Amino acid sequence: MIRLPANTSLLSSVIISILLLAVSCSSDTNVVNIYSGRHYQVDEQLFREFTRQTGIRVNLIKADTDQLINRLELEGPNTPADVFITADAGRMIHSMEKGLLQPMNTEIIDQVVPTSLRDPDFYWTGFTKRARVFVYEKSRVSPDELSSYEELTSENWQGRVLVRSSQNHYNQTLMASVVAAHGQEGALDWAKGIVNNMAQPPRGNDRDQVKAIAAGTGDVAIVNTYYMGLLLNSPNQEERNIAQQMGIYFPNQDDRGTHINISGIGITAHASNQENAQKLIEFLLSPPSQMVFAEQNYEYPVNKDVAWPELLQEWGRFKSDTIPLDQLGKHLQPGMIIFNRAGWN
Amino acid sequence: MNLKIILPILSLQTHRQLTNPWIWGTLFAAFIIALPLLVVFSNILIPGDETWRHILKNLIPTYVLNTILLMSGVAVITFIIGVSTAWLVSMHRFPGYRFFSWALILPIALPAYISGFTWAGILDYTSPVYVFFRNHLGIDTGQYLFFNILSLPGAIIILSLAFYPYVFLISRAYFSRQSSALFEVASSLGRKKSQIFFKVALPMARPAIVAGISLALMEVLNDYGLARYFGVDTFTTGIFTAWFSFSHPQSALKLSAYLMVFVLMLIIIERVQRGKMRYDMLGSAYRPVNPTKLSRTGSILAIIICLIPFMLGFVIPLLMLLYWSSLTYSYVLDYRFTELLFNSFLLAGIASLVVTLFALFIAFTVKSFPSRFVKFLSRIATLGYALPGAVVAIGILIPFLWIDSHFAFLSQPGMRIAITGTWFALIFAYLVRFMAVGYNSIDSGMEKISPSLDEASRSLGMSNMKTLGKIHIPLLSGSMVSAALLVFIDVLKELPLTLILRPFNFDTLAIRAFEFASDERVAEAAPASIIIIITGMIPVFLLNRLMGRKG
């Protein structure tokens, strides 16, 4: 027989308090619940502003994008999330393909976001964009030598190219855009060419690639504009110094344009606060919010009507690859296999 | 089900065991803890598809090789650092031994990936150290000062510095409870001091050393952030390549299942090799060892040996983090930090109590009612430590969401009832994840308690509860405190589980530090990292006071 401890009342109060901890009851109705793969302070600042303007409370969970996709999948119709945010177009496309999103109200999105930066059926839309550019050391490389992602595989760049690992999402969508432009065989040749010209095996993050140029390990790096913004505004004096020695070059201006990636947003398939979700999305696309992303987070606005802040102006206007991002989805997986085959780890 | 697993269940057939609430209670607890891991494990049966075969063929061979190199390196270095320093501070007297006996634990308060980022920051081209060397001493060694830290050897060094305290802590607890009788016997047989260490102390401490090293290696196996940043493709980065790059969580789970098999095999090999050796001692034979006073040169040598891991693993990275914090605290620290601190502290405190209690009960049951099934289950329940947290999270989400969906009918519009996304879910997740930390410390202490003590207690008519309370808990207090301490610090640093299972709008210090670090803003991550370290130092300090008073 199981004998209960003498102090049964203590035990039962412990059990009851555990059960209370165990159940979350939220009774608020004027809310919007967000799962976000972006980790920026500026996002939270804008969410607070949204609450101030609309009275809608924002609940937020930030985690790895793929973890969140997995959680949304497992939760199915019981998900508490209304809005899903990622920092990468590829993950947005995956979520749509898995049936995790629903179409949004088209009216405002259609007006402000270029068609190439959103899903044709409005399952998701970009709300900021970044360009994957070349960074070069001004004294060692003249911009005339540079031209395109493809040209980086030429003999001229033997042992001079720096780029991070293929596990990075930005490299994965870049690869998808190369597959879209040249087919899988062409993309494999390109990847092999880049691997062949690498100054060192891929390691570190985007900032480290720029520092490697400064140290003389290589001369040109494939980097996201966003990280150049961070370096130029770094708290570390030396980082600001080296960032100023670097030039930014927008590749492929003579053909398809520079590869861009977006941060995407969509409404989840089983959202219970759909209207509030729509309001939030339109708020983030509004000119004031777009300005905040551009000024404080060095991201390009997607809203065509928004003026660029000084830093982005200084880097210059450029032609971006207008292949609709939703068409990159099917090239992501083949792209990964190409990376592996080319030995781009 | 396999016959080998069923047979031991049937061998529980004596009447006493079948009606024993201890066994059933522990079986139930261990089963619940093992459940998420069994969910992950079950993926081993799912047939692989095209993507799986691609990953297996093209990626896994290199990943396995790198992992083995990394594990061997870390095993050797943590063994050397951990055992030598533990032996020095517990068996010898030299200036500063008291200080080192707790200072050497401190590197554990520094999350390994933060340490990796920090060391890269110290040695990279734009670090103030390198700038000084370059501009004032004319030393230019390329991208990194002296040594390219973003490499396999770099990863081995950083991970060893982060994890040797496991070996140190558990072997120190062991050495300081070593009976002098053993050494007296050895020296009366004409053994020299060095021989005593290698022939007596070291073999006797084997359970403790193995417990420490296996914790360190399990940490190595679950690490993802550091290996990825350092460009070292390990088995675990492979799991995430499958999941995040190929968007193929099934393959990730399947790889994780194989990882579990690998860890189980290592545990079994060690056990088989250990054979029927026993490490217990009768209480009456126990007399504390008189520490040896070291000579002058001996003292200097001892201080140097202790200083190296302390400086490299703690002081230097801490100084760098302080420097970064001085640049960024003004715009990074905000009013929310007190909330983060409160959340982190409370979560870590509750989790360390819960894990220690469960570990104590399971270890006691395994010892008192040994059967192969109970042992098997207790082993499964500790495997969560070797898996990446993000994978454990899937194993937890599946059963929790299943429960939630069956109680969804209770929810009204505007009112959701669910376990997922609550504190309870988080604490349970830590229990699954950190069971090994609690269990390994307590079990290695348990090995030292002679079964004849149990028998004596029972033959005097003491109940199990009383045997546990009067015999084991007093003898195990040191192991229990170090178990709780280790879990506390681990929860403080924990990231992937907290990220995905936390309630809405809930942040911890580790999350704040990670968000900046993952955004390549290490300097901004420094203030939160420093608060993690200080919070982690509090229990280390308290523990030391507690043990000091006892001695």
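The chains referred to below are lettered A, B, ... by the order of the sequence lines, with proteins before strands, and numbering in each begins at 1. Small disclaimer: the values here were computed from a predicted structure and weren't measured.
Counting only residues at least two apart or on different chains, the side-chain hydrogen bond (donor to acceptor under 3.5 Å, both in side chains) pairs with a member in residues 208-217 of chain A are A/D208-B/Y229, A/K211-A/E239, A/K211-B/D124, A/K211-B/T126, A/T217-B/Q143.
The minimum heavy-atom distance between B/W243 and A/D66, with the atom names listed, is NE1-O, 3.7 Å. For the pair B/R502 and A/A63, the tightest heavy-atom approach, listed with the atom from each and the gap, is NH2-N, 4.2 Å. Contact record, A/N340 with B/F246: OD1-CZ, 3.3 Å, taken as the closest heavy-atom pair. Closest of all the heavy-atom pairs between B/E524 and A/P235 is OE2-CD, 3.7 Å.
With chain B as partner, the option from A/H94, A/R38, A/R341 having the largest number of non-hydrogen pairs under 4.5 angstrom is A/H94. The candidate with the highest count of non-hydrogen atom pairs below 4.5 Å against chain B, out of A/G204, A/S165, A/P201, A/S166, is A/G204. For the options B/I55, B/T237, B/D233, B/T328, heavy-atom pairs under 4.5 Å to chain A are most numerous at B/D233. Note on A/N345, A/N241, A/L332, A/L230: by heavy-atom pairs under 4.5 Å with chain B, the leading option is A/L230. Per-residue counts of heavy-atom pairs under 4.5 Å with chain A were compared for B/L327, B/L495, B/T62; the largest is that of B/L327. With chain B as partner, the option from A/A214, A/G335, A/S234 having the largest number of non-hydrogen pairs under 4.5 angstrom is A/A214. The residue among B/I427, B/I394, B/I398 with the most heavy atom pairs within less than 4.5 Å of chain A is B/I394. When each of B/L401, B/T498, B/N505, B/T51 is scored by its heavy-atom pairs under 4.5 Å with chain A, the top score falls to B/N505. Between chain B and the options A/Q333, A/H39, A/Q167, the largest number of non-hydrogen pairs under 4.5 Å is found for A/Q167.
Partner B/F504 forms a side-chain contact (heavy atoms from CB on, under 4.5 Å) with one of A/N33, A/V58, A/V31 and no other, that one being A/N33.
Within 6.0 Å of atom CD in A/Q245, more than 12 heavy atoms from other residues, nucleotides or ligands are found, so the atom counts as buried in its surroundings.
Taken to the nearest 0.5 Å, the CG atom of B/L397 stands 7.0 Å off from the CG atom of A/N70. The CZ atom of A/F339 lies 12.0 Å from the OG1 atom of B/T241; values are rounded to the nearest 0.5 Å.
You'll find the side chain of A/R203 stays beyond 4.5 Å of the side chain of B/F230, heavy atoms only.
With a 4.5 angstrom heavy-atom cutoff, A/I34 touches chain B only via backbone atoms. When heavy atoms are compared at a cutoff of 4.5 Å, B/F400 does not approach chain A at all. Heavy-atom distances place no part of B/F428 under 4.5 Å from chain A, backbone and side chain included. Using a 4.5 Å cut-off between heavy atoms, A/Q237 does not touch chain B at all. At a 4.5 Å heavy-atom cutoff, the contact between A/I337 and chain B is made by backbone and side-chain atoms alike. Using a 4.5 Å cut-off between heavy atoms, B/A523 contacts chain A through its side chain alone, with no backbone atom that close. Contact annotation for B/I500: both backbone and side-chain heavy atoms come within less than 4.5 Å of a heavy atom of chain A. Contact of B/F516 with chain A is made through the side chain alone, with heavy-atom distances under 4.5 Å.
Of the possible donor and acceptor atoms, none in the side chain of A/R71 sits under 3.5 Å from a partner among the backbone N and O of B/L501.
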Which is it for B/R336 and A/E44 under the side chain to side chain contact (heavy atoms under 4.5 Å, CB included) test, yes or no, and what are the steps along the way? CA-CA 13 Å; B/R336 285 203 63 197; A/E44 283 176 67; 3.6 Å; yes

Quick one: do A/K62 and B/D507 satisfy side chain to side chain contact (heavy atoms under 4.5 Å, CB included)? Show the steps, please. CA-CA 9 Å; A/K62 295 167 290 177; B/D507 273 323; 4.3 Å; yes

